[in-house]
Amino acid sequence: MANFDEQVLRAWDEFEQATGADAINPDDFLAWALENNKLAPRPQDLRKLLRKQVTSALRTAIRRDDGGFSYRAKQCVKIIENGVQIPLWFDTDSGGTSNLRQKAIRQRRDGIANDVYRAVCDVEHMNKVFPEDQLSFHLDFVDDVAERRIAEATSSEKDDDEAA
């Protein structure tokens, strides 16, 4: 029997063929899949469901630095204990050991590098499939960071003015 992800992908491909759409809203797919008994919700472990909701909330915890930029107040590091991966969360202002903080940043960088690698491969593939419409993907993010820093500072100043 196929695992859930494989079932989703098969149903998605079937929906793509049935609609002929170039792009699909997942809500439309879900409505079709449920109506046609292609998918059913999986039984959920209550702890697993709550853990997902808790970690989602922790990811959204944002604070503002004295310099005016925002940062994530809670960070996650994954460690392996007795062959089991365990996520540990800590407060960026008061928690975590130096080793955990370093591991968290290294893991975050690895995740970003994986995303960038996947994006580069995706662009290369699309450029092969659609040679008349070449895409580019710039690997230098210095300007992107600077633009976001400026936008955040501007937004912060606007929020301060509105609060006054």
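Quick note: residue numbers are just sequence positions, from 1.
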In Å, rounded to the nearest 0.5 Å, how long is the span from [atom1] of [X] to [atom2] of [Y]?
X	Y	atom1	atom2	result
Glu14	Lys38	CD	NZ	3.5 Å
Leu30	Glu35	CG	CD	11.0 Å
Ile24	Asp28	CD1	CG	8.5 Å
Arg118	Asp115	CZ	CG	9.5 Å
Gln75	Arg59	CD	CZ	10.5 Å

Which atom names give the shortest non-hydrogen contact between [X] and [Y], and what distance separates them?
X	Y	value
Asp140	Val142	OD1-N, 2.9 Å
Lys103	Val77	CB-CG2, 3.4 Å
Leu34	Leu39	CD2-O, 3.5 Å
Cys76	Pro87	SG-CB, 3.8 Å
Leu135	Val123	O-CG1, 3.7 Å

Are [Y] and [X] connected into the same hydrophobic cluster when the rule is that any two of I, L, V, M, F, W, Y join if their side-chain heavy atoms are below 4.5 Å apart?
X	Y	value
Ile80	Ile105	no
Trp89	Ile79	no
Val145	Ile150	no
Leu100	Leu58	no

When you compare the side chain of [Y] with that of [X], does any pair of heavy atoms fall below 4.5 Å?
X	Y	answer
Phe137	Val116	yes
Phe141	Arg148	no
Met126	Asp122	yes

Quick check against the 3.5 Å criterion: does Gln134 have a side-chain atom that pairs as donor or acceptor with the backbone of Asn127? yes
Test item: Glu6 side-chain N/O and Asn3 main-chain N/O as donor-acceptor pair under 3.5 Å: yes
Step by step, would you call Asp13 with Arg10 a side chain to side chain contact (heavy atoms under 4.5 Å, CB included)? CA-CA 5 Å; Asp13 289 344; Arg10 265 195 238 124; 5.7 Å; no
Just say parallel, tilted or perpendicular for the rings of Phe29 and Phe15, cut-offs at 30° and 60°. perpendicular
Which residues pass the side chain to side chain donor-acceptor pair (under 3.5 Å) test with Ser70, not counting sequence neighbours? Glu152
Under the rule for side chain to side chain donor-acceptor pair (under 3.5 Å), what residues qualify as partners of Trp12, not counting sequence neighbours? Glu16
Test Thr92 against every option in Arg63, Arg72, Arg101 by the side-chain contact (heavy atoms from CB on, under 4.5 Å) rule and name the one that passes. Arg63
Which residue in the set Thr55, Asp93, Asp91 passes side-chain hydrogen bond (donor to acceptor under 3.5 Å, both in side chains) when paired with Lys74? Asp91
Regarding Arg149 and the six-membered ring of Phe69, is the cationic atom NZ or CZ under 6.0 Å from the ring centre and inside 45° of its axis? yes
